[in-house]
Amino acid sequence: MQIRQATLEDAEGVAGVLMELVAAGKRRKPATADFALGHYLTPDTRLSVAVAVEGDTILGFQSLKLAAEGNVYDVTPGWGIIGTHIRPSAARRGIGRQLFEATQQAAKAAGITDIDATIGATNDEGLGYYEAMGFRTYERLDGAVRKRFRLP
Ligand SMILES: CC(C)(COP(=O)(O)OP(=O)(O)OC[C@H]1O[C@@H](n2cnc3c(N)ncnc32)[C@H](O)[C@@H]1OP(=O)(O)O)[C@@H](O)C(=O)NCCC(=O)NCCS
């Protein structure tokens, strides 16, 4: 398995990960290649989109965006905003852990000091994963938990 930065040609593969999550009942938001391009691959705020690739298949990806002034997530400007998506068929193989190594490198290179992860309050695997990566709860919203990672 290879970890590398996503290119625009990965839009279909990234959408494939999202579609598998929808099929497993773990996602309700869009899962198309257009969504992957517009939301992850092309935004000006993109700092990193690390993909885990085996053969021709993207098994998972992790996005890191810069929280801009007035960002819709209401994250402190200058922080990173992280999102992680692994195919359920490839979960618990350490892919999320490897992706976070790549994301941390990108965050350091961009001079980011803090990363926000906003997770559904009932998403036990997401909460468990980010806690295991060193994120700690700093805010509770209606239906969501905000966790913060401080770069060493
Ligand atoms: C949550 C998710 C990102 C974890 O990715 P992963 O590749 O399976 O994670 P890893 O195998 O690298 O696990 C690393 C550690 O995270 C924790 N973890 C992972 N999955 C977990 C689960 N289902 N329950 C509790 N802890 C979990 C564990 O501590 C694990 O270490 P261990 O396997 O040595 O015990 C993945 O399951 C996923 O994409 N889920 C659907 C989307 C989502 O919820 N994303 C996160 C919120 S936006």
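Read the numbers this way: they start at 1 and go in the same order the structure lists the ligands and their atoms. Excluded from the calculations below are hydrogen atoms, water molecules and symmetry mates; all remaining heavy atoms, backbone and side chain alike, are included. Since the structure is predicted, the reported quantities are computational estimates derived from the model, not experimental observations.
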Check ligand 1 against the protein and report each N/O to N/O distance under 3.5 Å, formatted as atom name, atom name, distance.
| from | atom 1 | to | atom 2 | distance (Å) |
| --- | --- | --- | --- | --- |
| ligand 1 | 7 (O) | Gly96 | N | 2.8 |
| ligand 1 | 8 (O) | Arg92 | N | 2.7 |
| ligand 1 | 11 (O) | Arg93 | N | 3.3 |
| ligand 1 | 11 (O) | Gly94 | N | 2.8 |
| ligand 1 | 12 (O) | Gly96 | N | 3.3 |
| ligand 1 | 12 (O) | Arg97 | N | 2.8 |
| ligand 1 | 31 (O) | Arg97 | NH2 | 3.1 |
| ligand 1 | 33 (O) | Arg92 | NE | 3.0 |
| ligand 1 | 35 (O) | Arg92 | NH2 | 3.0 |
| ligand 1 | 39 (O) | Ile86 | N | 2.8 |
| ligand 1 | 40 (N) | Glu125 | OE2 | 2.9 |
| ligand 1 | 44 (O) | Asn123 | ND2 | 2.7 |
| ligand 1 | 45 (N) | Thr84 | O | 2.9 |

inquiry  = Taking salt bridge (Lys or Arg N to Asp or Glu O under 4.0 Å) as the definition, give me every residue that meets it alongside Asp114, ordered by chain and number, with sequence neighbours left out.
reply    = Arg148

query = Does Gln62 reach the main-chain N or O of Phe100 with its side chain, forming a donor-acceptor pair under 3.5 Å?
reply = yes

request  = Report yes or no: do Asp116 and Thr118 form a side-chain donor-acceptor pair below 3.5 Å?
outcome  = yes

query = How would you list, by chain and number, every residue that makes a salt bridge (Lys or Arg N to Asp or Glu O under 4.0 Å) with Lys108, sequence neighbours excluded?
reply = none

ask   = With distance as the sole test, does Arg27 use its side chain to make a donor-acceptor pair with the main-chain N or O of Pro30 at under 3.5 Å?
value = yes

Identify each donor-acceptor pair in which a side-chain atom of residues 50-59 lies under 3.5 Å from a protein atom, sequence neighbours left out, and give them as a table.
| from | atom 1 | to | atom 2 | distance (Å) |
| --- | --- | --- | --- | --- |
| Glu54 | OE2 | Arg93 | NH2 | 3.2 |

